[in-house]
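Just so it is clear, the structure is predicted and the values come from calculations on it, not from any experiment. Here is the naming used below: chain letters follow the sequence lines, and residue numbers restart at 1 for every chain.
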Amino acid sequence: DVKVTQSSRYLVKRTGEKVFLECVQDMDHENMFWYRQDPGLGLRLIYFSYDVKMKEKGDIPEGYSVSREKKERFSLILESASTNQTSMYLCASSGQKSSYNSPLHFGNGTRLTVT
Amino acid sequence: QKEVEQNSGPLSVPEGAIASLNCTYSDQGSQSFFWYRQYSGKSPELIMFIYSNGDKEDGRFTAQLNKASQYVSLLIRDSQPSDSATYLCAVNKWGGANNLFFGTGTRLTVIP
C-alpha cells in the first residue's frame, strides 16, 4: 500500500511566522502535490512537482513556496503565515507522469491554524 | 463555469437503497475520471476511476461515464451507514498527472 505521511496533524502558528509542512511518500512516485481544502471551495492545487528539484505552480501559489530535494520528500513553505492561510493542507503523490489514469494517494492532512 | 460541478447535497438515502451521485465537467477533452470518498476530518481516498464510456463496477460501486453528455456518476448499491461521507469527483483534462480538477463534493448521509 502506498503511504503518504505528513509530519504534523495539527499546527498552530502566529501571523508572520515561517511555516514548514513536510510530506514523505514511500512508493517511489514521481509526482507530488500540495492542496489546500476549504469548505465550499473544495480542493485547490498550490504546487506540484514531477521530478526532483522540479516544481510547477498550481492554481493558488501566492504566499507559498515548495522544495523537493529528494524524490520521496515534498515540502510546503509558508514564507510569512497569514490568517487567510488557515486551512487543511493535503499532500498527495501519484506514480506515472504520463499516465492519465494514475490516481492520487493522499496523506492524512495537516490542519493549520494561523492566529 | 466551473471545471467540475457537483451538487453539494446533502443527499440522504435510507439504508439498503441505491445512492446516485452525479458530476458534470466542462472540458470535452477530459480523459479520465475519479471518485474519492472523504470522511469528516479525514483525507480523500480513491474509490474507483473510469476512462471509457459506459459502466464500470467494483463491488457495490458502479461508475458511469457519458462523454457525449459530459457527465460521470457513481452509484452505491445497498447503501450502508458507513458510506456516509463526502464524495469528490475529479477529472483529468489533458492526460498528465498534474491536470486533475476536483469538484467540491456531495455529502451523502445513509439513514439506518
*Is the count of non-hydrogen atoms from other residues, nucleotides or ligands lying under 6.0 Å from B:Arg107 atom CZ greater than 12?*
no

*Should A:Met32 and A:Val24 be regarded as members of a common hydrophobic cluster, given that ILVMFWY residues are connected when their side-chain heavy atoms come within less than 4.5 Å of each other, either directly or indirectly?*
no

*Atom OG1 of B:Thr86 and atom CD of A:Gln37: how far apart are they, to the nearest 0.5 Å?*
8.5 Å

*asked:* Would a single hydrophobic cluster contain both A:Ile46 and A:Phe74, if residues Ile, Leu, Val, Met, Phe, Trp and Tyr are joined by side-chain heavy-atom contacts under 4.5 Å?
replied: yes

*First locate atom OG of A:Ser94, then atom CG of B:Leu46, and finally report the distance between them rounded to the nearest 0.5 Å.*
11.5 Å

*With a 4.5 Å limit on heavy-atom distance, are the side chains of B:Tyr36 and A:Leu104 in contact?*
yes

*Any donor-acceptor pair under 3.5 Å from B:Ser43 side chain to A:Gly109 backbone*: no

*Among the clusters formed by ILVMFWY side chains lying less than 4.5 Å apart, do A:Ile60 and A:Leu78 turn up in the same one?*
yes

*Any A:Leu90 side-chain heavy atom under 4.5 Å of B:Pro44 side chain*: yes

*asked:* Please report the interatomic distance CG(B:Leu100) to CZ(A:Phe48), rounded to the nearest 0.5 Å.
replied: 11.0 Å

*At a heavy-atom separation under 4.5 Å, does B:Ile50 approach chain A through its side chain, its backbone, both, or neither?*
neither

_Quick check: is A:Val4 connected to A:Leu21 through a chain of hydrophobic side chains (ILVMFWY, heavy atoms under 4.5 Å apart)?_
no

*When hydrophobic residues are tied together by side-chain contacts of less than 4.5 Å, even through go-betweens, does A:Phe33 share a cluster with A:Leu112?*
no

*Could you tell me which non-hydrogen atom of B:Thr104 sits nearest to which non-hydrogen atom of A:Leu41, and how far apart they are?*
CG2-C, 3.9 Å

